[in-house]
Amino acid sequence: MAIVCANVEHIRRRLCDSPAGDDTVLQELLNTARGGGEVAGPVNVLHSVLQALGDLQGLSTYTIRRRTGDRDVHPAGTDRERPSEPVYLCPATRCARSWWPQGPVPVPHCAISGEALRRDQL
Ligand SMILES: [Zn+2]
């Protein structure tokens, strides 16, 4: 679910650019998650649809993309004492998404609840 939450806009664009031209499978998954339902089925459907669109790794394609930019890179030698590092987590704890503050980038919103991610400490 964290992949979907963090990449919902990419996935939506992918689906909307597809021949089918709509994001119904994504919408169904989000609706299920919002309602607290079992998401394994809809996740699989979305995964297969993405594969059919040519993303051979399905949802995993987006995990790789998420890696870049999701975490601050601290230049060598600037490591200072950080007793607790702030981290932002999914507000509804519906997914395992985590996000580290990135300068002026605004805090992202959870795709499921629509709320901004909540601040926490590592
Ligand atoms: Zn989330």
- Are V105 and Y88 grouped together when hydrophobic residues (ILVMFWY) are joined by side-chain heavy atoms under 4.5 angstrom apart?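 Yes, V105 and Y88 fall within the same hydrophobic cluster.
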
Taking all heavy atoms of [X] and all of [Y], pick out the closest pair and write down the distance.
X    : Y    : answer
Q102 : W99  : NE2-NE1, 3.0 Å
C5   : A111 : SG-N, 3.5 Å
L89  : S98  : CD2-CB, 3.8 Å

Within the structure provided, determine whether [X] and [Y] are in side-chain contact (heavy-atom separation under 4.5 Å).
X    : Y    : answer
L26  : V4   : yes
P101 : V107 : no
P86  : R119 : yes
I112 : L30  : yes

Atom pair [atom1]/[atom2] of [X] and [Y] - distance to nearest 0.5 Å:
X   : Y   : atom1 : atom2 : answer
I3  : S60 : CD1   : OG    : 6.0 Å
T24 : L15 : OG1   : CG    : 8.5 Å
L53 : R14 : CG    : CZ    : 5.0 Å
Q27 : L46 : CD    : CG    : 11.0 Å
T32 : M1  : OG1   : CE    : 8.5 Å
R12 : N7  : CZ    : CG    : 12.5 Å

- Query: Any donor-acceptor pair under 3.5 Å linking the side chain of R97 with the backbone of L117?
  - Reply: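 Flag not set: sc R97 to bb L117 has no pair under 3.5 Å.
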
- Task: Start with the C-alpha gap between I11 and L59, add the side-chain angles, then the distance that decides, and say whether side-chain contact (heavy atoms from CB on, under 4.5 Å) holds.
- Result: CA-CA 9 Å; I11 296 172; L59 278 175; 3.8 Å; yes

